[in-house]
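Okay, handing you the structure first.
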Amino acid sequence: MILAVTMNPSVDISYPIDEFKLNDVNRVENVCKTAGGKGLNVARVVVQMEEEVLATGVLGGMIGEYIIQELTKGSIQNDFLKINQESRNCIAILHEGKQTEILESGPTLSSEEGRAFLQKFESLLAKVSLVTISGSLPKGLPTDFYHQMLEISHAKGIPVILDSSGESLKHALLHPEKPYVIKPNGTELSQLLGIEVGDTISSLKKAVDNYLFNGIEWIVVSMGGEGAFVKHGGNYYRITLPEINVVNPVGSGDATVAGLAVALNCHQTVEVVLKTAMTTGMLNTMEAGTGFINMNKFKRYFNEVKVEKL
Ligand code: ADP
């Protein structure tokens, strides 16, 4: 089983409005509410791939209850630490082809709540063979919190796919207990290294050879429609994709993480791992919903992904 962690989940609300009026009343008819957060997207895609997954993290209040209800409706097993504060709403107003977002920052966790989650995390590791950690940390937790989770999973010999960015990712890379996989996109890679990484093979190679990544088995730099650049076991790979009809790319990185998790958990070959991850990413872009893939199309697109060892 795969454990999918989301430390700051949300209810994502979208308001489609023909014409957004500032400083006036805007009425909405077709409100869409979903359980959001990167790790929840990962869990959703893993379930669609018919593999077992357990969603965990921290949530609370009525919004937290709604998230649990939605996960249960979608047959996603879940075991979250419940806190006394409300989880957050993230609102997207879709108007005139634009998207205006209002993102609540969410609860501020106390150090006791942080410790309680680490205890829960440790106990859940007994049930799983791989962990995915996605997204940002809630307020109140120290920036080395993901590193603390890595220490715990390292002690139990459970590999971790860490898909985060900024300081929490950087902290996690500075210690001997490394994630097994990281999946930065181009922007996150540039941010992490503090330089603009170009998309040529030589600049990508130079970037993934940075000392920060020493000891990480898989560095998967996802590049949207351009596929990915990967370093694994001292080898470099360039992956290219077929032309597809993109409907909604939001969450494709999470679908990629789900594909990586499922294929690695089944001990697939390098080529199958990379093709699976790219295919789930592509399939997510072809659906309107975030974290949804149509597995009937899997084989067709899988066969069109090209993995070139450099
Ligand atoms: P993130 O969502 O984390 O920014 P990317 O945008 O790099 O990640 O997308 C992750 C993966 O999803 C890509 O490697 C690719 O497999 C797929 N993908 C994303 N956008 C497209 C696109 N426009 N065409 C084809 N595949 C895409």
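These figures come from a predicted structure and were not determined experimentally. Just so you know, ligand 1 is whichever comes first in the structure, and atom 1 is the first atom listed for that ligand.
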Which atoms from ligand 1 have a heavy atom of N185 less than 4.0 Å away?
1 (P), 3 (O), 4 (O)
Under 3.5 Å, is there a donor-acceptor pair between the side chain of R238 and the main chain of V307?
no
For ligand 1, the portion of I239 having any non-hydrogen atom under 4.0 Å away
neither
Applying side chain to side chain donor-acceptor pair (under 3.5 Å) to N265 and S129, what does each step give before you reach the verdict?
CA-CA 7 Å; N265 203 34; S129 44; 2.8 Å; yes
Return yes or no for this condition: an N or O of K38 is under 3.5 Å from an N or O of ligand 1.
no
Just going by heavy-atom distances, which of G251, S252, A255 is nearest to atom 12 (O) of ligand 1?
S252
Taking only residues two or more places apart in sequence, or in another chain, which ones meet E217 in a salt bridge (charged side-chain N to carboxylate O under 4.0 Å, His left out)?
none
I'd like to know whether I219 forms a side-chain contact (heavy atoms from CB on, under 4.5 Å) with V230, so could you lay out the CA-CA distance, the side-chain angles of the two residues, the decisive distance to 0.1 Å, and finally the verdict.
CA-CA 6 Å; I219 303 150; V230 176; over 6 Å; no
For ligand 1, which part of S222 has a heavy atom less than 4.0 Å away: the side chain, the backbone, both, or neither?
both
Could you find the nearest protein heavy atom to atom 16 (O) of ligand 1 and give me its residue, atom name and distance?
M278 O, 3.2 Å
Using a 4.0 Å cut-off to any heavy atom of T256, which atoms of ligand 1 qualify?
10 (C), 11 (C), 12 (O)
Salt bridge K170-E167, side-chain N to carboxylate O under 4.0 Å:
no
Take S203 and T200 through the side chain to side chain donor-acceptor pair (under 3.5 Å) test and state the conclusion after the steps.
CA-CA 5 Å; S203 54; T200 60; 2.8 Å; yes
Under a 4.0 angstrom heavy-atom cut-off, which atoms of ligand 1 come close to I244?
24 (N), 25 (C), 26 (N)
With under 30° as parallel and over 60° as perpendicular, where do the rings of W218 and H232 fit, or are they tilted in between?
parallel
Give the atoms of ligand 1, by number and element, whose distance to some non-hydrogen atom of V246 is under 4.0 Å.
22 (C), 23 (N), 24 (N)
Does the side-chain contact (heavy atoms from CB on, under 4.5 Å) test come out yes or no for L283 and F302, once each step is laid out?
CA-CA 10 Å; L283 293 180; F302 179 92; over 6 Å; no
Could you find the nearest protein heavy atom to atom 24 (N) of ligand 1 and give me its residue, atom name and distance?
G225 CA, 3.4 Å
On a heavy-atom basis, the closest approach of V42 and D254 is CG2-O, 3.6 Å
Compute the centroid of each ring, for H147 and then for H175, and state whether the two points are separated by less than 6.0 Å.
yes
Please determine if G224 has a nitrogen or oxygen closer than 3.5 Å to a nitrogen or oxygen of ligand 1.
yes
Going by the atom numbers of ligand 1, which of them fall below 4.0 Å from some non-hydrogen atom of T285?
18 (N), 19 (C), 20 (N), 21 (C), 27 (C)
For residues F80 and I2: do they belong to one hydrophobic cluster (side chain heavy atoms under 4.5 Å, members Ile, Leu, Val, Met, Phe, Trp, Tyr)?
yes
By number and element, which atoms of ligand 1 are closer than 4.0 Å to a non-hydrogen atom of G281?
12 (O), 17 (C)
For ligand 1, which atoms have a heavy atom of M223 less than 4.0 angstrom away?
7 (O)
For atom 2 (O) of ligand 1, the protein heavy atom that lies nearest, with its residue and separation:
G253 N, 3.0 Å
Which residue in the set V257, N284, I293, T290 passes side chain to side chain contact (heavy atoms under 4.5 Å, CB included) when paired with S252?
N284
Would you say ligand 1 has an N or O under 3.5 Å from any N or O of P249?
no
Ligand 1 atoms nearer than 4.0 angstrom to some heavy atom of G227 are 14 (O)
L241, portion touching ligand 1 at heavy-atom distance under 4.0 Å
side chain
Tell me the nearest of K183, E188, E243, M286 to atom 3 (O) of ligand 1, using heavy-atom distances.
K183
